[in-house]
**Q** 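A single structure is presented below for examination.
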Amino acid sequence: MDFSQAVVNGIPLVIIIAGLVQFAEKFGVKGHTQLMLSMGLGIAFGFAFELQSGLPGDFAGWFGVLVYGLGLGLTTSGLYDLGKKYSQK
């Protein structure tokens, strides 16, 4: 999956999601909740990004939107988790 095209007005969605998770941390969101927030935001933004070009007309199109959203969610939550591990050392 190529998320290099997941850019809105010059800003990569992965950066937006990471920023939102860091923002939530300022309000006391910690631990696994941050990881789940990252996953949820990744799915939501990925889903929205794919739908910006129009609603899919068939099952294959909807399945592609779902897989893209899940992929972005997994990528952002994985990157967030990896960043937390290295920042603690």
Side-chain angles (χ1 to χ4, degrees):
M1 228 173 251
D2 181 17
F3 297 117
S4 65
Q5 301 300 315
V7 176
V8 177
N9 292 335
I11 303 171
L13 289 180
V14 173
I15 301 297
I16 297 293
I17 294 164
L20 288 171
V21 172
Q22 286 298 328
F23 184 72
E25 186 176 24
K26 304 290 185 202
F27 289 96
V29 177
K30 300 276 184 212
H32 290 297
T33 307
Q34 284 179 304
L35 191 60
M36 292 303 296
L37 177 62
S38 179
M39 178 65 161
L41 288 172
I43 290 170
F45 276 85
F47 202 82
F49 182 76
E50 282 290 292
L51 290 179
Q52 76 178 343
S53 61
L55 292 175
D58 58 359
F59 177 77
W62 281 106
F63 187 70
V65 168
L66 175 66
V67 168
Y68 190 85
L70 284 171
L72 187 60
L74 288 169
T75 300
T76 55
S77 62
L79 288 174
Y80 178 78
D81 196 35
L82 187 64
K84 285 298 255 188
K85 284 180 185 175
Y86 281 108
S87 67
Q88 292 173 354
K89 292 183 178 182

**Q** Give me the atom names and distance for the closest heavy-atom approach of P56 to G61.
**A**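 The answer is CB-C, 3.5 Å.
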
**Q** Indicate if V67 and F59 have the same hydrophobic cluster label, given that clusters are the connected sets of ILVMFWY residues with side-chain heavy-atom separations under 4.5 angstrom.
**A**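 Yes: a chain of side-chain contacts under 4.5 Å links V67 to F59.
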
**Q** Nearest 0.5 angstrom please: L37 CG to Q22 CD, how far?
**A**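 CD of Q22 is found 10.5 Å from CG of L37.
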
**Q** For V65 and F49, what are the C-alpha separation, side-chain angles and deciding distance, and is it a side chain to side chain contact (heavy atoms under 4.5 Å, CB included)?
**A** CA-CA 9 Å; V65 168; F49 182 76; over 6 Å; no

**Q** Grouping I, L, V, M, F, W and Y whenever their side-chain heavy atoms are under 4.5 Å apart, do I17 and Y68 come out in a common cluster?
**A**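 Yes: a chain of side-chain contacts under 4.5 Å links I17 to Y68.
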
**Q** For the atom pair CG (L55) and CH2 (W62), what is the distance rounded to the nearest 0.5 Å?
**A**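 Going from CG on L55 over to CH2 on W62, the span is 5.0 Å.
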
**Q** Going only through I, L, V, M, F, W and Y residues with side-chain contacts under 4.5 Å, is there a path from I11 to F47?
**A**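 Each belongs to a different hydrophobic cluster.
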
**Q** Answer yes or no: is there a donor N or O on one side and an acceptor on the other, between the side chain of S38 and the main chain of Q34, under 3.5 Å?
**A**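 Not a single qualifying donor-acceptor pair exists.
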
**Q** To the nearest 0.5 Å, what is the distance between CE (M39) and OG1 (T75)?
**A**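 Here the interatomic distance stands at 9.0 Å.
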
**Q** For K26, is the NZ atom crowded, meaning more than 12 foreign heavy atoms sit under 6.0 Å from it?
**A**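 No, NZ of K26 has 12 or fewer neighbouring heavy atoms, counting only those of other groups under 6.0 Å.
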
**Q** Calculate, to the nearest 0.5 Å, the distance between atoms CD1 and CG belonging to I43 and L72 respectively.
**A**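 So the CD1 of I43 and the CG of L72 are separated by 9.0 Å.
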
**Q** Assigning hydrophobic clusters by single linkage (Ile, Leu, Val, Met, Phe, Trp, Tyr; side-chain heavy-atom cutoff under 4.5 Å), is I15 placed with V21?
**A**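 Unlinked, I15 and V21 end up in two clusters.
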
